[in-house]
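Just so it is clear, the values below take in all heavy atoms, side chains as well, and ignore hydrogens, waters and symmetry mates. So you know, we letter chains A, B, ... as the sequences are listed, proteins then strands, and number each from 1.
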Amino acid sequence: MIALVDCNNFYASCERVFDPSLNGKPVVVLSNNDGCVIARSNEAKALGIPMGAPAFKYKQLVEAEGVKVFSTNFALYGDMSHRVMNILSDYARDIEVYSIDEAFLELESGSPESLLEQIREIHRIVKKHTGIPVSIGVAQTKTLAKVATHLAKKDLTTRGCKVLTDQYEIKTILDRLPVSEIWGIGRRTTKKLAMWGVESAGDLTRLDDDFILRELTVVGLRTKKELMGEPSVVFEGTSKPRKAICTARSFGSMIRDYEYIEQAVATHCAACAVKLRKQHSFASSMMVFVHTNYFRKDLPQYKRNIVVEFPATQNSIELIRQAKEALRKIYKPGYDYKKAGVILMDFQQAEALQEDMFTDNTLDDKDNRLVEALDLVNEKYGRNTLKIADEGLKNKHALKQTRRSNSYTTRWNDILEIKSGSDRRHSDD
DNA sequence: TCTGGGGTCCTAGGACCC
DNA sequence: TCTGGGGTCCTAGGACCC
């Protein structure tokens with residue numbers, strides 16, 4: 001049996017854990033540069049603020065309704081996510097972390113009643129130990145588990161937990177569910193399906209296999225099978241290493257100077273390298289890209305990317321050297337740049353590393369020991385305690401983040417102070 | 001004035017090989 | 001006039017997810 005655990009309004013919920021006065025109030029969290037809305041509490045949804053809405057378009061509503069607004073605080077959300085996932089892994093045979101706020105669990109099969117009891121317990125423990133509310137759905141396949149979680153969230157009578165195993169119930173639910181709600185059916189496919197008169201998930205299950213294969217490829221066919229209870233999207237289990245690692249950011253304001261763009265690229269490259277080492281991989285190619293602001297139709301536009309190859313490495317210093325060389329080839333002066341990024345690709349795992357006789361990529365040369373020390377220090381004393389000089393200190397490319405909450409769980413200076421008496425913020429724990 | 005970031009998978013077509 | 005067949009690898013582009 002597969003369960004899908006989904007944290008409710010995750011980022012907004014994280015903010016609430018550390019400031020309970022936000023409970024019952026509309027809360028939104030903004031993307032980088034405070035650009036658009038990426039998380040909303042139920043109260044904010046009720047006010048009609050859509051997902052992905054540009055923040056500036058809702059300024060008036062936000063002020064009028066007293067909506068609490070936060071810049072992203074990924075250090076906090078990442079840490080809270082870890083805590084939730086740790087608890088989940090105690091309650092499952094295996095876990096597949098699907099995103100920062102979602103995980104598939106493999107549960108022992110059992111009667112619907114015992115399954116419900118199990119997920120209610122998980123629901124209760126996660127809330128008690130982390131403060132994060134979750135929705136849990138259980139079914140035979142991942143796609144149906146997604147449907148079940150959807151119900152757990154929408155249907156208040158489920159109190160956040162739904163077991164969807166009864167064949168008759170599945171059928172009636174699928175007949176009422178719009179195809180666009182199904183996991184794996186996006187905007188494009190919904191439009192296509194509508195042309196053939198396919199409106200509900202049930203309609204999709206009644207479509208001919210060959211027809212689906214021809215029009216929607218194997219991806220569409222897998223979805224149909226999953227809806228019919230036949231597992232076709234494999235449960236991956238404990239996370240596999242990433243095949244590509246990307247770090248890219250829009251700049252807080254547009255940048256012209258080569259020097260600052262180079263610093264941004266070096267910074268992104270260093271961030272990629274940390275992620276790369278965390279999963280014990282070595283990269284042997286990277287893409288570097290830059291582009292101007294698409295939204296400024298009045299300004300000249302330029303975008304370019306370049307892929308460079310090199311002997312597999314996980315060393316920040318070498319990777320930054322490559323990134324700088326790549327940037328030099330694509331940078332064109334005279335443009336106002338808005339975004340730059342680095343993508344590392346073509347990984348080899350440490351164990352399988354093909355030794356190149358002429359390059360030393362083992363962990364005992366001097367640069368590598370330096371990088372290892374750098375990781376240790378930054379792990380212990382916080383991100384960016386030590387940086388590579390190429391990353392620069394001025395941070396001209398810095399994000400605009402005017403409303404970031406404290407990093408309660410990951411920075412010593414930001415730890416919550418508990419006061420006694422009327423100022424107490426936590427009633428239990 | 002102001003519009004995110006990080007991923008995965010699939011397909012078609014071209015290059016190349018025997 | 002006729003112009004193989006089967007395979008692999010790579011890339012770009014499309015679609016989708018959270």
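Residues passing the side-chain contact (heavy atoms from CB on, under 4.5 Å) test with A/R256 are A/D336, sequence neighbours excluded. Every residue two or more places apart in sequence or in another chain that forms a salt bridge (charged side-chain N to carboxylate O under 4.0 Å, His left out) with A/E121 is listed here: A/R124. Annotation: side-chain contact (heavy atoms from CB on, under 4.5 Å) contacts of A/N23 (sequence neighbours excluded): A/R16, A/P20. Taking A/E309 as the reference, nothing meets the salt bridge (charged side-chain N to carboxylate O under 4.0 Å, His left out) condition, with sequence neighbours excluded.
In this model, a donor atom of one side chain and an acceptor atom of the other lie less than 3.5 Å apart for A/T72 and A/Q401. For the residue pair A/R277 and A/S316, a side-chain donor N or O sits within less than 3.5 Å of a side-chain acceptor on the partner.
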Which atom pairs, one a donor and one an acceptor, fall under 3.5 Å between side chains of residues 131-149 of chain A and the rest of the protein, sequence neighbours left out?
{"unit_1": "A/S135", "atom_1": "OG", "unit_2": "A/N8", "atom_2": "OD1", "d": "2.7"}
{"unit_1": "A/T141", "atom_1": "OG1", "unit_2": "A/L144", "atom_2": "N", "d": "3.2"}
{"unit_1": "A/T141", "atom_1": "OG1", "unit_2": "A/E226", "atom_2": "O", "d": "2.9"}
{"unit_1": "A/K142", "atom_1": "NZ", "unit_2": "A/E96", "atom_2": "OE1", "d": "3.1"}
{"unit_1": "A/K142", "atom_1": "NZ", "unit_2": "A/E96", "atom_2": "OE2", "d": "3.1"}
{"unit_1": "A/K142", "atom_1": "NZ", "unit_2": "A/V234", "atom_2": "O", "d": "2.8"}
{"unit_1": "A/T143", "atom_1": "OG1", "unit_2": "A/E226", "atom_2": "OE1", "d": "2.7"}
{"unit_1": "A/K146", "atom_1": "NZ", "unit_2": "A/E102", "atom_2": "OE1", "d": "2.8"}
{"unit_1": "A/T149", "atom_1": "OG1", "unit_2": "A/L4", "atom_2": "O", "d": "3.1"}
{"unit_1": "A/T149", "atom_1": "OG1", "unit_2": "A/G137", "atom_2": "N", "d": "3.2"}
{"unit_1": "A/T149", "atom_1": "OG1", "unit_2": "A/A145", "atom_2": "O", "d": "2.9"}

List the atom pairs, donor and acceptor, that lie under 3.5 Å between side-chain atoms in residues 59-71 of chain A and the rest of the protein, sequence neighbours left out.
{"unit_1": "A/S71", "atom_1": "OG", "unit_2": "A/D34", "atom_2": "OD1", "d": "2.8"}
{"unit_1": "A/S71", "atom_1": "OG", "unit_2": "A/T402", "atom_2": "N", "d": "3.3"}
{"unit_1": "A/S71", "atom_1": "OG", "unit_2": "A/R403", "atom_2": "N", "d": "2.8"}

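Heavy-atom distances under 4.0 Å link DNA chain C to no residue of residues 195-232 of chain A.
Listed by first and then second residue, the ring-ring contact (aromatic ring centres under 6.0 Å, His included) pairs involving residues 175-200 of chain A are A/Y98-A/W183, A/F104-A/W183, A/W196-A/F211 (not counting sequence neighbours). Applying the side chain to side chain donor-acceptor pair (under 3.5 Å) definition to pairs two or more places apart or across chains, those involving residues 45-58 of chain A are A/N9-A/K45.
The residue from A/V371, A/L319, A/V274, A/L276 that alone fulfils the side chain to side chain contact (heavy atoms under 4.5 Å, CB included) condition with A/Q314 is A/L276.
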Protein-nucleotides 2-8 of chain B N/O pairs under 3.5 Å:
{"unit_1": "B/dG4", "atom_1": "O4'", "unit_2": "A/S31", "atom_2": "OG", "d": "3.0"}
{"unit_1": "B/dG5", "atom_1": "OP1", "unit_2": "A/S250", "atom_2": "N", "d": "2.7"}
{"unit_1": "B/dG5", "atom_1": "OP2", "unit_2": "A/S250", "atom_2": "OG", "d": "3.0"}
{"unit_1": "B/dG5", "atom_1": "OP2", "unit_2": "A/K339", "atom_2": "NZ", "d": "3.2"}
{"unit_1": "B/dG5", "atom_1": "O3'", "unit_2": "A/R249", "atom_2": "NH1", "d": "3.0"}
{"unit_1": "B/dG6", "atom_1": "OP1", "unit_2": "A/A248", "atom_2": "N", "d": "3.4"}
{"unit_1": "B/dG6", "atom_1": "OP1", "unit_2": "A/R249", "atom_2": "NH1", "d": "2.5"}
{"unit_1": "B/dG6", "atom_1": "OP2", "unit_2": "A/A248", "atom_2": "N", "d": "2.5"}
{"unit_1": "B/dG6", "atom_1": "OP2", "unit_2": "A/A248", "atom_2": "O", "d": "2.9"}
{"unit_1": "B/dG6", "atom_1": "O5'", "unit_2": "A/C246", "atom_2": "O", "d": "3.4"}
{"unit_1": "B/dG7", "atom_1": "OP2", "unit_2": "A/C246", "atom_2": "N", "d": "2.3"}
{"unit_1": "B/dG7", "atom_1": "OP2", "unit_2": "A/C246", "atom_2": "O", "d": "3.4"}
{"unit_1": "B/dT8", "atom_1": "OP1", "unit_2": "A/K243", "atom_2": "N", "d": "3.0"}

Based on Watson-Crick and G-U pairs with both distances under 3.5 Å, what dot-bracket line describes DNA chain C 5' to 3', crossing pairs as [ ] and inter-strand pairs as |?
....||||||||||||||
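Although no hydrogens or angles enter the test, the distance criterion places no donor-acceptor pair under 3.5 Å between the side chain of A/T130 and the main chain of A/K127.
A distance of about 16 Å separates the C1' atoms of C/dG4 and B/dC16, rounded to the whole Å.
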Would you mind building the protein contact string for nucleotides 10-18 of chain C? One character per nucleotide, 5' to 3', B for base within reach (heavy atoms under 4.0 Å), S for sugar-phosphate only, - for untouched.
-----SSSS
